[in-house]
Amino acid sequence: MLEAMRFSSEKKVLFCALVLTGAGWLSGCNRVKPTPPPRLASREQLTVPPSHLVFPVEFDFNTIEKLVNEKLKGTFFHQTIALDAKGDSLRLEISRTEHIRLWWRNKKVRGQFPLRIAGWATVKKAGITIRNAKPVSTDVIIHIESFTRIGRDWNLDFNTKIIQIEWRSDPRLQVGPVWINLRKPIEKVVDSKKQELAAKLDDELKKVVPLPQIIGDLWQKMQQPILINRKKIPVYLVYQPEDITAKILSTTKTNVLEVRVATHGLLSTSFSAVPDFAAIALPAKKDTESTSDSLHLHLRARIPFSKINQVLGPEVIKKPLRYEGYEAIIKKAEVYATQNNRLAVAVDIRGDVHGSVYLTGNVAYDTARERIRVADFGFDVHSEEMLVQSANWLLHDYVIDMFKDKLQVDVGPVWRQLPALISAGIEKGKSGQKINLLIDSLAVRPGQFLVNQDELQMVFEATGKARLELEDQIFAKKSKKTSK
């Protein structure tokens, strides 16, 4: 009797192995080896439409007026002119004394440029040269109008014209008992300096409206991956721009120069902080054809099976499966693509069941819960048939539910955080905190799903609105270089 018991305890493993090589039907020594779902060999790719981002950039002309006044100070011109053939002459200085007024209306800059004209006359009378110690002076207001456009280099081109010179008083010089009206010779000087004065104003306006810097920073920063997920495996949002266009708008907003900017490109996810394309130089400016501000994104999310398995493995390996006294341990789990756009999960187990089983399902999106999940999920036909014969306890729903839970991804938090994450990424450009790309909450809809031999691909469509806000620092003066 003792020998029989010893045989039972010591030889059980060998006995089970011998049985398993035969019928394999004894309880507690079940081996399962169903035919696996075939692996997909296709590398088909989803075709994704380009994303469109159309947004306004607004320049407050009150700020521009302030900066122009800070820059255009002091005396602009010095010139000595002949008054007659006798050698009489007039030395003139033209300077700004009062506040320059500028405003924006109907794609034009309009303004008033107050100037003081001071003159020192040298006049010969009866052989005596007379010079006035106190300058003859008069104030004029130059009324300007500037047609504005965006040049191919992204600079705002101002084409200023002087449309009127308003004289507040006539400049009169007293020589003895005689008063000489100097308006005509001064008018000639002012008229000859009109283009020079207009060009100076154009140059200063171009400097204080830094559109090339704004667009250049934005273009460069859009090409940098933006971290959108830090959990387990970092995920980045990558935008590969195709073009960027702009135009000046007619607007009813008071004293606001509004530029509509549009960009188109491909949007996708990546697991790398380095883009897989070479940096694209800012193209020459072209007029946008977009008629309204909008944000229409087509995001291709790509998840390699290697990444899925990297996350899934630690979650399930060595996890015990117990039911009604039976127990098995998961030794390995692998997700891969199979036919009919389905996922397969290969599960190697050891214990009261020894071998491999396979589950399959379709990738789906739960709109209500904003969750990517596996639908129609369960043991494939061959696995189910074998388990019915030898280990039907594994067919209990808890095994299926465990893998369903591990294979679902809540993307709702990502959608809600995405506008802020994109804004934060753009703010890190060369202009620091000076540019704020503000995006309204996104309305997200799922699109196509595709599996190929390497990865799971999904397309999501998102709509909303965006705007670019400029902080005052963007207009700050450039620091002067220290002289050596």
Atom CD of Glu327 with >12 non-hydrogen neighbours under 6.0 angstrom: yes
Residues Asn362, Val374; criterion side chain to side chain contact (heavy atoms under 4.5 Å, CB included); working and verdict: CA-CA 5 Å; Asn362 293 314; Val374 182; over 6 Å; no
Over 12 foreign heavy atoms within 6.0 Å of CZ, Arg369: no
Test item: Ser290 side-chain N/O and Ser292 main-chain N/O as donor-acceptor pair under 3.5 Å: no
Phe55 vs Ser294 side-chain heavy atoms within contact, under 4.5 Å: no
Spacing of CG belonging to Asn159 relative to CG belonging to Asp202, to within rounding of 0.5 Å: 6.5 Å
Side chains of Asn62 and Asn255, donor plus acceptor under 3.5 Å: yes
Intermediate values then yes/no, side chain to side chain contact (heavy atoms under 4.5 Å, CB included), Val357 and Phe379: CA-CA 7 Å; Val357 292; Phe379 291 101; 3.9 Å; yes
Gln45, CD: over 12 other non-hydrogen atoms inside 6.0 angstrom: yes
Between Asp348 and Ser356: side-chain donor-acceptor atoms closer than 3.5 Å: yes
Side chain to side chain contact (heavy atoms under 4.5 Å, CB included) between Thr148 and Ile248, worked out: CA-CA 8 Å; Thr148 309; Ile248 297 174; 3.9 Å; yes
NZ/Lys247: more than 12 non-hydrogen atoms of other groups inside 6.0 Å: yes
Residue pair Ala462 / Val444: nearest heavy atoms and the distance that separates them: CB-CG2, 4.1 Å
Heavy-atom side-chain contact between His382 and Met386 under 4.5 Å: no
Glu370 bridged to Arg416 by N-O distance under 4.0 Å: yes
Cation-pi check, Lys206 onto Phe158 ring (under 6.0 Å, within 45° of axis): no
Carboxylate-amine/guanidinium proximity below 4.0 Å for Lys107 and Glu258: no
Any side-chain donor near an acceptor of the partner, His52 and His296, under 3.5 Å: no
From Ser270 atom OG to Tyr236 atom OH, the distance as rounded to the nearest 0.5 Å: 8.5 Å
Sub-6.0 Å ring centroid separation between Phe61 and Trp104: yes
Residue pair Phe147 / Thr160, side-chain heavy-atom distance below 4.5 Å: no
Exercise: do Ser268 and Tyr239 side chains pair donor with acceptor under 3.5 Å: no
Expected output: side-chain Arg110 to main-chain Arg105 donor-acceptor under 3.5 Å: yes
Test log, rule side chain to side chain contact (heavy atoms under 4.5 Å, CB included), inputs Thr463 and Leu442: CA-CA 6 Å; Thr463 54; Leu442 296 172; over 6 Å; no
Value rounded to 0.5 Å, distance of CG in Leu450 from CZ in Arg300: 9.5 Å
Shortest non-hydrogen contact from Thr263 toward Pro241: OG1-CB, 4.3 Å
Salt-bridge present (Asp293, Lys465; N to O < 4.0 Å): no
Partner of Leu237 under side chain to side chain contact (heavy atoms under 4.5 Å, CB included), chosen from Ile422, Asn229, Leu297: Ile422
Polar side chain donor-acceptor pair, Asn452 to Ser42, under 3.5 angstrom: no
Side-chain touch Leu67/Lys207, heavy atoms, less than 4.5 angstrom: no
Parallel, tilted or perpendicular: ring planes of Phe460 versus Phe449, cut at 30 and 60 degrees: perpendicular
Backbone N/O of Pro283 and side chain of Trp154: donor-acceptor pair under 3.5 Å: yes
Which atom of Leu40 lies closest to which atom of Val451, heavy atoms considered: CD2-O, 3.3 Å
Cationic N near anionic O, under 4.0 Å, Asp454 to Arg43: yes
Check: Leu72 main-chain N/O paired with Arg96 side-chain donor or acceptor under 3.5 Å: yes
Check ion pair Lys406-Glu315 (N to O, under 4.0 angstrom): yes
Closest heavy-atom pair and its distance - Gln457, Leu46: OE1-N, 3.0 Å
Beyond-backbone contact of Asp405 with Leu407, side-chain heavy atoms, under 4.5 angstrom: no
Electrostatic pair Lys253-Glu58, nearest N-O below 4.0 angstrom: yes
Pairwise side-chain contact, Val109 with Trp103, heavy-atom cut-off 4.5 Å (strictly under): no
Shortest non-hydrogen contact from Pro38 toward Tyr336: O-CE1, 4.1 Å
CD-CD1 distance between Gln220 and Ile215, expressed to the nearest 0.5 angstrom: 13.5 Å
Any side-chain donor near an acceptor of the partner, Thr269 and Arg302, under 3.5 Å: no
Val459 vs Leu299 side-chain heavy atoms within contact, under 4.5 Å: no
Asp440 vs Arg467 side-chain heavy atoms within contact, under 4.5 Å: yes
Distance-only polar pair, side chains of Asn155 and Asp153, donor-acceptor under 3.5 Å: yes
Nearest-0.5 Å distance, NZ of residue Lys332 to CD1 of residue Ile330: 13.5 Å
Shortest non-hydrogen contact from Ala391 toward Val353: CB-CG2, 3.2 Å
Glu98 side, atom CD; Asn69 side, atom CG - distance, nearest 0.5 Å: 11.0 Å
